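Each remark here refers to the structure printed beneath this line.
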There are 2 protein chains.
Amino acid sequence: MLLTRASEYALLALDIIRNSEKPKGAEQLSIELSIPKSFLAKILQGLAKEGILESKKGAHGGFVLVKKSSEISIASIVIAAEGKTPAVFDCSQYSDTCPNGVIGSCTISPFLVTFQNKVDTFLQKLTLEDIFK
Amino acid sequence: MLLTRASEYALLALDIIRNSEKPKGAEQLSIELSIPKSFLAKILQGLAKEGILESKKGAHGGFVLVKKSSEISIASIVIAAEGKTPAVFDCSQYSDTCPNGVIGSCTISPFLVTFQNKVDTFLQKLTLEDIFK
DNA sequence: ATAAATTAGAGTAAAATAGTCTTAATTAGA
DNA sequence: TCTAATTAAGACTATTTTACTCTAATTTAT
Ligand code: SF4
Ligand code: SF4
């Protein structure tokens with residue numbers, strides 16, 4: 001699978017956060033979405049680190065959107081949630097067992113690059129606003 | 001990752017097979033590609049089952065293409081290699097823990113469907129011949 | 001002060017990936 | 001017809017990734 005639960009939970013949570021006036025707490029979100037609280041909290045922390053969310057500590061704290069929905073790309077969300085850009089096939093991960101010896105110089109490499117570009121472009125063009133229309 | 005080593009090995013092997021006159025044995029392929037023989041054999045067996053390759057047992061046996069390269073879609077190869085169509089995010093796998101209760105009715109579902117369609121279409125349109133141009 | 005919240009990081013359980021190994025079946029050719 | 005070369009099938013194992021949990025520390029509105 002290209003996306004893991006981290007991206008799913010991030011997107012589901014962001015849809016609620018963007019429709020809320022007040023900061024939304026991780027616990028409240030976890031209840032509304034039936035998602036494990038600790039796991040969701042970790043994911044939201046990641047989004048905050050990447051500047052997608054602002055986090056407010058302490059009483060009545062929680063998470064709020066920093067930018068407008070139309071200014072947040074799905075790519076940035078997924079990268080923040082997954083910790084890396086979603087890969088079609090990550091050769092670098094197999095650098096020591098690449099059948100071809102030198103990464104990027106095999107016969108299927110051009111196909112993989114093209115495919116990855118398609119995916120990247122698709123995610124970069126889409127905004128948070130777009131997907132909830 | 002969307003694709004696993006099974007797809008990588010399948011595509012690398014198919015490029016050699018299609019350029020060979022005689023049947024190519026799993027062992028020979030595994031040597032040329034520096035791929036574990038048993039693992040590659042399993043993958044080639046899968047391709048044979050799906051009608052992408054023909055397998056010839058016994059001495060001087062091996063694998064040959066059934067159709068022309070231009071008549072084999074990358075989608076069919078990947079599906080044969082992976083045992084399933086490559087999923088952007090497989091909700092059905094999480095049917096019992098779907099935060100939304102009913103699969104396909106959440107706010108992000110339309111996005112996932114669109115994304116999956118993009119991937120499917122891309123792979124269906126490409127043929128084995130295309131990617132080695 | 002206190003209670004409500006995020007933060008940080010270590011640790012764990014389950015699942016998927018990436019293989020191996022062994023035995024059986026088939027077949028070209030000597 | 002024997003033999004060596006080859007695929008077929010399936011159980012098994014090792015490694016890695018995913019999907020979490022738990023605890024202690026920190027921050028902040030009231
Ligand atoms: S052989 Fe090609 S696809 Fe495989 S790891 Fe090396 S560069 Fe990547
Ligand atoms: S909530 Fe939506 S994305 Fe998540 S499993 Fe259910 S249907 Fe799929």
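Since this is a predicted model, take the numbers as computed values, not measurements. A, B, ... follow the sequence lines: proteins, then strands. Residue 1 opens every chain.
- Ring-centre distance between Tyr94(B) and Phe89(B): below the 6.0 Å cut-off.
- Listed for the Thr121(A) side chain is a donor-acceptor partner under 3.5 Å among the backbone atoms of Asn117(A).
- The salt bridge (Lys or Arg N to Asp or Glu O under 4.0 Å) pairs that include a residue from residues 50-78 of chain A number zero, where partners must be two or more places apart or lie in different chains.
- The distance between atom NE2 of His60(B) and atom P of dA4(D), rounded to the nearest whole Å, is 13 Å.
- Secondary-structure annotation of DNA chain D gives the stems C:1-30 with D:1-30, with a stem taken as at least 3 successive Watson-Crick or G-U pairs whose two distances both fall under 3.5 Å.
- For the residue pair Gln45(B) and Ser55(B), no side-chain donor N or O sits within less than 3.5 Å of a side-chain acceptor on the partner.
- In this entry the distance linking CG of Leu33(A) with P of dA19(D) reads 16 Å, nearest Å.
- Residue order along DNA chain D, read from the 5' end via each residue's closest nucleotide, puts Gln45(B) first among Gln45(B) and Gly58(A).
- The environment of Glu32(B) atom CD is dense: over 12 non-hydrogen atoms of other residues, nucleotides or ligands sit within 6.0 angstrom.
- A donor-acceptor pair under 3.5 Å links the side-chain atoms of Ser105(A) to the main chain of Val102(A), judged by distance alone.
- Neither side chain, Ser73(A) nor Gln124(A), offers a donor N or O lying under 3.5 Å from an acceptor on the other.
- Atom CD1 in Ile43(A) sits roughly 15 Å away from atom C1' in dT7(C) (whole-Å rounding).
- Contacts of Ala26(B) with the nucleic acid, taken as non-hydrogen atoms under 4.0 Å apart, involve only primed sugar atoms and P, OP1 or OP2.
- Atom C1' of nucleotide dT7(D) and atom NZ of Lys22(B) are separated by 18 Å, given to the nearest angstrom.
- To the nearest angstrom, P of dG29(C) lies 12 Å from NZ of Lys56(B).
- Comment: Glu129(B) does not engage Arg18(B) in a salt bridge, judged by the lack of any side-chain N to carboxylate O separation of less than 4.0 angstrom.
- Counting to the nearest Å, the P atom of dT6(D) and the CD atom of Gln28(B) are 9 Å from each other.
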Annotated protein contacts, base or backbone, on nucleotides 15-24 of chain C with a non-hydrogen cut-off under 4.0 Å, one of B, S, - each: -SSSBBB---
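- When each of dA29(D), dT27(C), dT6(C) is scored by its nearest atom to the side-chain atoms of Ala59(A), the top-ranked nucleotide is dA29(D).
- Rounded to a whole Å, the CG atom of Leu40(A) is 13 Å from the C1' atom of dA19(D).
- Taking side-chain N and O atoms only, Ser55(A) has no distance below 4.0 Å to OP1 or OP2 of dA5(C).
- Rounded to whole angstrom, the span from the CD1 atom of Ile17(A) across to the C1' atom of dT6(C) amounts to 13 Å.
- Between Ser70(A) and Thr127(A) the shortest heavy-atom distance is O-CG2, 3.4 Å.
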